[in-house]
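Written below as structure tokens is the structure these notes are about.
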Number of protein chains: 2
Amino acid sequence: MNSLNDLIARYFSWCNRIEYPEEPRRLYDASRYFLESGGKKIRPILCLLGNDLFGEMSYDSFHAGYAIDLFHNSSLVHDDIIDHAPLRRGRPAIHIKYSLPTAILTGDIFIAYAFAHLNNVREQYRHQIHTQFSRVIIEVCEGQQMDFDLERRELQHVSYQEYLKMITLKTAALMGASIRIGAVIGGADSQEQAYLYEFGKNLGIAFQIYDDYLDAFGEPSETGKQPGGDILENKKTALLIKTWEAGSTSQKKALKNAMSKNGFEKVSAVLELYRNTKVDIWATDKTSEYTQKAFYCLDMITGVTAERKAGLIELTNQLLGRRC
Amino acid sequence: MNSLNDLIARYFSWCNRIEYPEEPRRLYDASRYFLESGGKKIRPILCLLGNDLFGEMSYDSFHAGYAIDLFHNSSLVHDDIIDHAPLRRGRPAIHIKYSLPTAILTGDIFIAYAFAHLNNVREQYRHQIHTQFSRVIIEVCEGQQMDFDLERRELQHVSYQEYLKMITLKTAALMGASIRIGAVIGGADSQEQAYLYEFGKNLGIAFQIYDDYLDAFGEPSETGKQPGGDILENKKTALLIKTWEAGSTSQKKALKNAMSKNGFEKVSAVLELYRNTKVDIWATDKTSEYTQKAFYCLDMITGVTAERKAGLIELTNQLLGRRC
């Protein structure tokens, strides 16, 4: 059994040994540039914790976790193109720093390397993990398309249910798959795998809604960024969609009006509507609701000691600001 | 043992049964639009022929061939974005007909479905094929990056050796992998697999150089398109690179001058230089040379009857206009 910090340290030290070719230079420079840019490594750590929950740590879960993180990075590189995002992790996105072609190819090659790493998993679990991994990539792509489609629709034609389906595919499914894959390697039975998938999925939903909340109401000292980025872009967050759904006719009108403004005036007008419709409280309630669902699923894993669950609980608390 | 036409018919009939989800609609409409647009299916047929060479046809090679074709289609969808190509197989490219985001996601999801299909291969060969498949995707991405890099360099800084390396990665490696994967399923030993990989790789190099030749000197009645498309775009084909390398100082100067012209005048000036430097003959000689290398490798497969090789020979003749 490993502490969360030990696992994170072991994972980073293991990753640092992985080397990529030098040529073609631009492709691998871009790959290294992106992979070295950090990121919270939530998904590979979930994979390691899934393994750690049931048994001794195996290098299989390092390979699988790394594969998951490579695919996650692939989806970010391609998503930044789709969203015209100039920055990622505080640095120019690949399609800006290198080029659109190199960004497309970097995302593609990450997927190929991900499957290559997965091939290192021992034979006993390889097929099952390969199947789950290709399935979740399909889901994430479907979620990315849905996100793109929802962003192009008028706000009044987007429901919270559709949003929920979109984030389940785009964000939550991969978090579910990450811990389940680790659990497979740890030797979990199919019932335990299913509960852990649900744990990760619900954690992912809570995480995304809380991320939307923080963009509007987070403390810059805590989030490291000025609030309101999503508001300025009219991004269809949980809060925006819910404000439209829950708002009175006059509040709907005020929201449309606020969304047509710019800069600080826009942010403060939208935030006021979020508060008036109590969507701020609704969002933290939803975060708690999905976190509780996640913990319920973790509770259903009865065959392991409470001590073994400590890392997962600690990670959840870190991610959700102890709102659980 | 199956005739080439029987195999092609069986493959198309098998593919027609594969269905994709309906939602997200734009993503799967785009996927179907591209997959239904035809293509010569050289790679999956090579895979089937690799199987057929050694034993009874197995559905494993249909799954593997389909996976290879999905990845090939993925690379075309992304390559059309990279090349700003408006058309593919005579119809608008996905990034034109749908959107850039949908084109990126279609390419991504094709890779995921490719691996999902590969999971259907029987356990005995699955790991080996997975390893070869992820390896060749990496190579194709490297080749695509190299192609992009070469296109941005001045002609005098691009060598035929670099071109050869680029097409080997971008085009020939996948043809080699296609037949080798089929041969694995057919039960070929590692020596036979290596020869067949070399067969496919050399066939792929011959195919690409001949394709460059046809763009300049092909009969419209045979190729179905007006010659000179590559010339109009200053595309760094084997012929253009070789003309620069082989040309005298005055021919180099004339080539640069020709390349700065437009339309018919440009095509005819460049074609004249191709003829003057005898690069037209050189290109057909190179096609023959690589085709002979391919057949040499096929000859080295001594454990099967000549009859079993008939399909591969017929396919090669079809691809290379009986220049072998």
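Below, chain A is the first sequence line, B the second, and so on; all start at residue 1.
- With a threshold of 4.5 angstrom between heavy atoms, B/Glu123 approaches chain A through side-chain atoms but not through N, CA, C or O.
- Looking only at heavy-atom pairs under 4.5 Å with chain A, the residue among B/Met146, B/Gln144, B/Arg25, B/Arg126 that has the most is B/Arg126.
- Scanning residues 26-37 of chain A against chain B with a 4.5 Å non-hydrogen threshold yields A/Arg26, A/Leu27, A/Tyr28, sorted by number.
- Between A/His78 and B/His78, the ring planes lie perpendicular to each other; the angle is over 60°, past the 30° to 60° tilted range.
- A/Ile137 is not listed as a side-chain neighbour of B/Ile111, based on a closest heavy-atom distance of 4.5 Å or more.
- Enclosure of atom OH in B/Tyr59 is not indicated, since only 12 or fewer non-hydrogen atoms of other residues, nucleotides or ligands lie within 6.0 angstrom.
- Rounding to the nearest 0.5 Å places CD of B/Gln128 at 11.5 Å from CG of A/Asn119.
- Between B/Pro24 and A/Gln145 the shortest heavy-atom distance is CB-CG, 3.7 Å.
- Contact annotation for residues 92-106 of chain A against chain B (heavy-atom separation below 4.5 Å, listed by residue number): A/Ser99, A/Leu100, A/Pro101, A/Thr102, A/Ile104, A/Leu105.
- The nearest pair of heavy atoms linking A/Ser134 to B/Ala116 is OG-CA, 3.7 Å.
- Among A/Asp79, A/Leu169, A/Leu118, A/Ile138, the residue making the largest number of heavy-atom pairs under 4.5 Å with chain B is A/Ile138.
- In this structure, B/Lys165 places its NZ atom where only 12 or fewer heavy-atom neighbours from other residues, nucleotides or ligands lie under 6.0 Å away.
- With a 4.5 angstrom heavy-atom cutoff, B/Ile81 touches chain A only via side-chain atoms.
- In plain terms, the two heavy atoms of A/Glu142 and B/Glu23 that are nearest each other are OE2-O, 4.2 Å.
- Of the atoms belonging to B/Asp149, it is side-chain heavy atoms, and not backbone ones, that fall under 4.5 Å from chain A.
- The candidate from B/Asp83, B/Val136, B/Val140, B/Thr131 with the greatest count of non-hydrogen atom pairs under 4.5 Å with chain A is B/Thr131.
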